[in-house]
Protein chains: 2
Amino acid sequence: MLRLSKLTDYATVILSFMARDKAQVHAAMEIAAVTGIALPTVSKILKLLVNAKVLISTRGAKGGYVLARTPEEISIATVISALEGPIALTECSISHQGCEQASGCDIGGNWSLINQTIHNALESVTLADLIRPAAIPEEVFVPVASLYR
Amino acid sequence: MLRLSKLTDYATVILSFMARDKAQVHAAMEIAAVTGIALPTVSKILKLLVNAKVLISTRGAKGGYVLARTPEEISIATVISALEGPIALTECSISHQGCEQASGCDIGGNWSLINQTIHNALESVTLADLIRPAAIPEEVFVPVASLYR
DNA sequence: TAATTGAGGACTATTCTAGTCCTATTTAAT
DNA sequence: ATTAAATAGGACTAGAATAGTCCTCAATTA
């Protein structure tokens with residue numbers, strides 16, 4: 001199903017909440033209470049987002065987390081790779097180590113193009129887009145095939 | 001990592017092989033030998049592809065599998081959903097059942113747009129594209145953000 | 001009728017994910 | 001200084017999903 005992990009899903013919920021109330025420091029406990037996600041899980045996600053420099057943390061009493069950038073500057077691609085590592089559909093696309101398919105694996109080049117296409121799609125959607133009221137899906141235009149001439 | 005399952009990966013290898021030699025019937029055993037993938041696994045994949053009407057099978061001696069359509073008419077999206085079910089990044093995108101996130105889950109609408117974008121990207125790439133020599137990734141153009149106005 | 005090949009489904013083992021918890025570190029307030 | 005409130009980092013467990021195998025039945029050809 002080409003699915004995103006549950007943690008990534010949670011991350012978007014958390015970030016959406018923070019984006020609506022930016023420039024304010026939120027403690028993990030507060031976020032857990034608001035979103036309904038269990039505290040340890042929230043903690044784990046927040047730590048990953050700090051490592052990816054999506055959030056900035058402050059320790060100690062009155063500490064907490066803030067967005068490192070504006071919602072417009074945080075892409076969905078960034079969030080996904082923070083939680084799940086590099087965005088790539090196949091192992092091959094990351095490293096060609098251990099690709100033991102004797103024949104048939106000349107397809108690497110084109111896969112990487114597909115990967116890049118999807119990456120670009122996710123890169124072009126930001127947190128700001130997510131918290132906006134739902135857009136009407138219309139005129140979705142992705143001319144990938146044309147690239148192959 | 002937004003990853004595709006290994007089986008899907010195998011499927012593209014198998015289909016690539018068959019596409020290079022279309023209109024010819026290939027037995028599962030032959031495909032296993034050529035691709036280096038274990039026979040039971042190959043079998044499993046071929047069955048799924050038949051169910052999805054990507055392949056046509058013939059039973060009995062001299063039986064085997066052929067592509068149901070030309071490589072140009074078989075999209076990557078079709079292959080992926082044959083192996084992994086509907087293409088969607090989040091559970092929510094498929095059914096809104098059991099979405100228990102109290103607040104913060106107004107984001108459904110925009111997620112579905114992202115899903116559709118990715119779906120379109122995968123729909124526009126065909127098997128024929130995959131077996132072509134690698135394209136130079138350049139001028140990949142996916143204007144998603146613009147959709148949000 | 002025998003040999004070959006796919007259909008269908010059950011089953012197992014392994015890997016991955018989700019989720020929890022513990023200890024150390026940092027900061028603020030008293 | 002000391003205590004309380006937070007995050008950092010990592011280890012650990014349980015459960016779910018995936019990969020992979022195997023067995024029996026059905027169909028076709030020679």
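Chain letters run A, B, ... following the sequence lines, proteins first and then strands; every chain starts at 1.
You'll find the side chain of B:Thr41 reaches within 4.5 Å of the side chain of B:Leu7, heavy atoms only. Counting only heavy atoms from C-beta outward, the side chains of B:Val34 and B:Ile14 never approach each other to under 4.5 Å. In this structure, B:Met18 and B:Leu127 have side chains that are not in contact, with every pair of non-hydrogen atoms separated by 4.5 Å or more. The side-chain heavy atoms of B:Leu39 and B:Met29, taken from C-beta on, include a pair separated by under 4.5 Å.
Distance B:Leu49 CG to C:dG6 C1': 14 Å, rounded to the nearest Å. One interatomic measurement links the two molecules: NE2 of A:His26 to P of D:dT7, which rounds to 12 Å at whole-angstrom precision. Between B:Ile31 atom CD1 and C:dG6 atom C1' there is a gap of 12 Å when expressed in whole angstrom units. In this structure, B:Leu4 atom CG and D:dT18 atom P are separated by 12 Å, rounded to whole Å. If you take CD of A:Glu84 and P of C:dA18, they are 8 Å apart, rounded to a whole angstrom. Rounded to an integer number of Å, the gap from B:Leu46 CG to C:dG8 P is 13 Å. Rounded to whole angstrom, the span from the OH atom of A:Tyr65 across to the C1' atom of D:dA6 amounts to 8 Å. If you measure from atom CG of A:Leu48 to atom P of D:dT7, you get 15 Å, rounded to the nearest angstrom.
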Between protein and nucleotides 20-30 of chain D, map the contacts as a letter string: B base, S sugar-phosphate only, - none, heavy atoms under 4.0 Å, written 5' to 3'. BB----BBBS-

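In this structure, A:Asn51 reaches the D:dG9 phosphate: one of its side-chain N or O atoms is under 4.0 Å from OP1 or OP2. For C:dA18, one of the phosphate oxygens OP1 or OP2 lies less than 4.0 angstrom from a side-chain nitrogen or oxygen of A:Ser5.
Taking A:Glu73 as the reference, A:Thr70 meet the side chain to side chain donor-acceptor pair (under 3.5 Å) condition, with sequence neighbours excluded.
Proximity of a side-chain donor or acceptor of A:Asp129 to a complementary backbone N or O of A:Thr126 within less than 3.5 Å is detected.
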